[in-house]
Amino acid sequence: MLLSFLAITTIAVVRLRDLFAVVMLFGIFSLLSAAIFVTLDAVDVAFTEAAVGAGISTVLMLATLTLTTRTESPPRHGTLLPLLVVCVTGGALVYGTLDMPRFGDPQAPIHQHVAPRYLQDSPAEIGLPNVVTSVLASYRGYDTLGEVTVIFTAGAGVLMLLGAIRRRTACCDDTGKGGSAVNHNLVLRVVAKILIPFVLLFALYVQFHGDFGPGGGFQAGVIFAAAFILYTLIFGLAAARAVASPGVLRVLSALGVLLFAGVGLAGIFAGGDFLDYGVLASHPVAGQHLGILLIELGVGTTVAAVMIMIFYLFAGRTR
Amino acid sequence: MATVLGLYNYWIAIFLMMAGFYVVIAHGNLVKKIVGLSIFQVAVFILYISMGKVQGGSAPILAAGVTSYSNPLPHVLILTAIVVGVATIALGLALVIRINEAYGTVEEDNIHSQDEPE
């Protein structure tokens, strides 16, 4: 049923011309999909989608809208040809699904190869209850390193696009974008002051408890960044920059990737393979624990620093 | 009927995918195009997570007394894909802001007409 809600929201997103409403609906869309992920047993994914989709990407899109236009001009071309292309592609894809295993089938090919091994052997090899963390940080650590590097690169790209020119005007604009309107609202300020420490504490909990329950570096980094974004929205950009300066963030975003890769190299120097944590301590399982803790810390640092940096750049941009 | 129920998740994912695809190719506004791209992304996420579900399974956090778990591998892939997705979306939005500064518009048609030689 949630999926039907999702479809209805999507139709509204396609039809509406008021971009502000579109972005708000997109936030709802993300929250709905997070709920769907919970029902499909993907708790870690739901966590991430709720924090990223409904939080950070919505805020970034709103920041873009304040810098550009709010309404979309009506299309000048006919919509018939795109509609035809989409229907043909969709029809072909639906035809393709007819051969797919049915939803929830335990005999589907996807459940026959590596997944049983992860589920059966990871308690002995890694010793962590959360299999998602084991796979993410240890079995497929190489992929995760690549993904953290992509995030770092994207952050560097945004920095190059938006950070270079006009920085001086941005830094002297005292209240900053978004800060001025809600700056003097007493209720907001007090509530934010009470709320932010708990959000930060929760981020740290998610970071270090990710081995046992849902959570980990990616989610914690995003929640940490969300706390800073809240702070910036209420107290203004200048106040936030005093807490975490852009220079520090740039260093931290690189440091996270370096920590991850450094743990990998430490494995080589200790006599194992790249990203082999078993050799880091006297006992292989203890080594795995240490390695996973360190690389999750690296992931969390990079994600949080890049997200906050991107938000500063968007918010500091004046029209 | 069993076929429809068994494939419902995939069909909704395809519908969302096509809606995103339609927004990307039919709309001229660059911000709207990026929203379409995000919808396409979420559709792919739903497709993957649906495939990982096992009927009667539990979330892949090992606990005593639970024997059937959903497949953890799609979860790992999509978890990282979401965060990479927001980073690339941010890059796209940054490009939109720069295009707006250079051309004064985010409508594709207006940008093309400015680029054409007089």
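First the proteins, then the strands, lettered A, B, ... as listed; each starts at 1. Since we're looking at a predicted model, the values are computed, not measured.
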Check B/A90 against A/F314 and note the closest heavy-atom contact, atom names and distance. O-CZ, 3.4 Å
Report which part of B/V31 has an atom under 4.5 Å of a heavy atom belonging to chain A: side chain, backbone, both, or neither. side chain
Looking at B/L77, B/T105, B/I25, B/L7, which one has more heavy-atom pairs under 4.5 Å with chain A than the rest? B/L7
So, the part of B/I99 with a heavy atom under 4.5 Å from chain A: the answer is neither
I'd like to know which of B/M51, B/Q41, B/K32 tops the heavy-atom pair count under 4.5 Å against chain A. B/K32
Pair B/V44, B/M17 - check side-chain contact (heavy atoms from CB on, under 4.5 Å), show working. CA-CA 7 Å; B/V44 175; B/M17 226 180 262; 4.2 Å; yes
Leading residue by heavy atom contact count with chain A [cutoff under 4.5 Å; candidates B/V86, B/V23, B/I49]: B/I49
For A/A108, which atoms come within 4.5 Å of any heavy atom of chain B: side chain, backbone, both, or neither? neither
Applying a strict 4.5 Å limit to non-hydrogen atoms, the region of A/S122 in contact with chain B is side chain
Got a sec: does the CG of A/L80 have more than 12 other heavy atoms crowding it under 6.0 Å? no
Do you know which of B/A13, B/A19, B/G36, B/S58 has the most heavy-atom pairs under 4.5 Å to chain A? B/S58
B/F45 and B/I82, any side-chain heavy atoms less than 4.5 Å apart: yes
If we only count heavy atoms from C-beta on, is the B/L91 to A/L161 side-chain gap below 4.5 Å? yes
Is chain A contacted by the side chain of B/S68, its backbone, both, or neither, given a heavy-atom distance below 4.5 Å? neither
The interface call for A/L98 against chain B, heavy-atom contacts under 4.5 Å, is both
Please give me the minimum heavy-atom distance between B/Y69 and B/L62, naming the atom from each residue. OH-CA, 3.5 Å
Using every non-hydrogen atom in the two residues, find where B/S38 and A/M61 come nearest and quote the distance to one decimal. OG-CE, 3.6 Å
Checking B/V84 against chain A: side chain, backbone, both or neither under 4.5 Å from a heavy atom? both
So what's closer than 4.5 Å to chain A heavy atoms on B/F15: side chain, backbone, both or neither? side chain
Can you tell which of A/L128, A/V132, A/V299 has the highest number of heavy-atom pairs within less than 4.5 Å of chain B? A/V132
With chain B as the partner, which of A/I11, A/L19, A/V150 has the greatest number of non-hydrogen pairs under 4.5 Å? A/L19
Least distance between heavy atoms, B/I12 atom then A/A7 atom: CD1-CB, 4.3 Å
Can you say whether B/I39 sits under 4.5 Å from chain A via the side chain, the backbone, both, or neither, judging by heavy atoms? both
Top contributor to chain A contacts, counting heavy-atom pairs under 4.5 Å, from B/L73, B/L30, B/T88: B/L73
A/Q219 and A/D44: side chain donor to acceptor below 3.5 Å: yes
Nearest heavy-atom contact between A/S33 and A/S30 is OG-O, 2.8 Å
Considering all heavy atoms, the nearest A/T10-A/F29 contact: OG1-CE1, 3.4 Å
Using a cut-off of under 4.5 Å for heavy-atom pairs, which of B/A87, B/G85, B/P60 has the most such pairs with chain A? B/P60
When the 4.5 angstrom heavy-atom criterion is applied to B/I46 and chain A, the contacting part is both
Would you please say whether a donor-acceptor pair under 3.5 Å links the side chains of B/S50 and B/Y8? no
Can you tell which of A/V43, A/I310, A/V94, A/V135 has the highest number of heavy-atom pairs within less than 4.5 Å of chain B? A/V94
Heavy-atom count check: over 12 atoms from other residues, nucleotides or ligands less than 6.0 Å from B/Y10 OH? yes
B/V83 versus chain A, heavy atoms under 4.5 Å apart: side chain, backbone, both or neither? both
Side chains of A/Y118 and B/N71 only: does a donor on one sit below 3.5 Å from an acceptor on the other? no
So what's closer than 4.5 Å to chain B heavy atoms on A/P116: side chain, backbone, both or neither? neither
Could you tell me which of A/V148, A/I56, A/L83, A/V303 has the largest number of non-hydrogen atom pairs under 4.5 Å with chain B? A/L83
Max heavy-atom pairs within cutoff under 4.5 Å with chain B, candidates A/T144, A/V158, A/V23, goes to A/V158
When the 4.5 angstrom heavy-atom criterion is applied to A/T149 and chain B, the contacting part is neither
